[in-house]
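Position 1 is the first residue of the sequence, and the numbers go up from there. Just so you know, ligand 1 is whichever comes first in the structure, and atom 1 is the first atom listed for that ligand.
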Amino acid sequence: MNKIEHLGIAVRDLDSAEQIFADILGTNSYKREAVASEGVITSFFLMGESKVELLQATNDESPIHRFIEKRGEGLHHIAFEVVNIHEEIKRLTAKGYRLTNPDAPTEGADNKLIAFLHPKSANGVLVELCQEK
Ligand code: ZN
């Protein structure tokens with residue numbers, strides 16, 4: 001894996017979270033993007049080689065909605081950039097790691113193919129693999 005591509009942060013209110021992270025990071029969000037299949041609106045900040053992704057749920061079935069109901073706002077996932085997501089999925093599932101979605105990779109925000117390792121497979125951390133399309 002190449003680098004931390006982004007950190008995903010679950011938020012209740014994207015407008016106010018964007019202001020807070022613009023203050024903290026000293027830079028504005030450079031784009032918003034909805035991902036209908038995940039039930040989220042995302043907002044991205046560029047930090048050198050990595051990004052911060054804010055995620056707000058758009059419906060009650062959204063994984064982000066369920067996460068916030070259970071654990072409150074906060075760090076949701078860490079995304080690692082990979083060169084070939086199909087190879088990484090093969091490599092990790094062969095070792096017994098579970099994906100949250102057996103149909104992965106799926107289309108993510110920011111022109112990416114994505115897959116999530118189940119947090120039970122990774123010490124409680126939701127790990128996203130992402131590959132530039
Ligand atoms: Zn992400």
Is K90 salt-bridged to E87, going by a charged N under 4.0 Å from an acidic O?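 Yes, charged N to carboxylate O under 4.0 Å.
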Going by the angle between their ring planes, with limits at 30° and 60°, are H77 and H6 parallel, tilted or perpendicular?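 Aromatic pair H77/H6 classed perpendicular.
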Distances under 2.8 Å only: what protein N/O/S atoms are near the Zn ion (ligand 1), ordered by chain and residue?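 Listed by chain and number, the nearby protein N, O or S atoms are H6 NE2, E53 OE1, H77 NE2, E128 OE1.
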Those residues that, when tested against K120, pass side-chain hydrogen bond (donor to acceptor under 3.5 Å, both in side chains) (two or more places apart):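 If we apply the side-chain hydrogen bond (donor to acceptor under 3.5 Å, both in side chains) test to K120, skipping adjacent residues, there are no hits.
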Partner residues of E5 under the side-chain hydrogen bond (donor to acceptor under 3.5 Å, both in side chains) criterion, sequence neighbours left out: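 Partners of E5 under the side-chain hydrogen bond (donor to acceptor under 3.5 Å, both in side chains) test: K51, K112.
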Check whether any side-chain heavy atom of H76 sits under 4.5 Å from a side-chain heavy atom of L126, and report yes or no.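 Side chain of H76 against side chain of L126, heavy atoms only: contact under 4.5 Å found.
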If hydrophobic residues (ILVMFWY) are linked whenever their side-chain heavy atoms come closer than 4.5 Å, directly or via other members, who joins V35 in its cluster?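 Members besides V35, by chain and number: V40, L55, I64, F67, I68.
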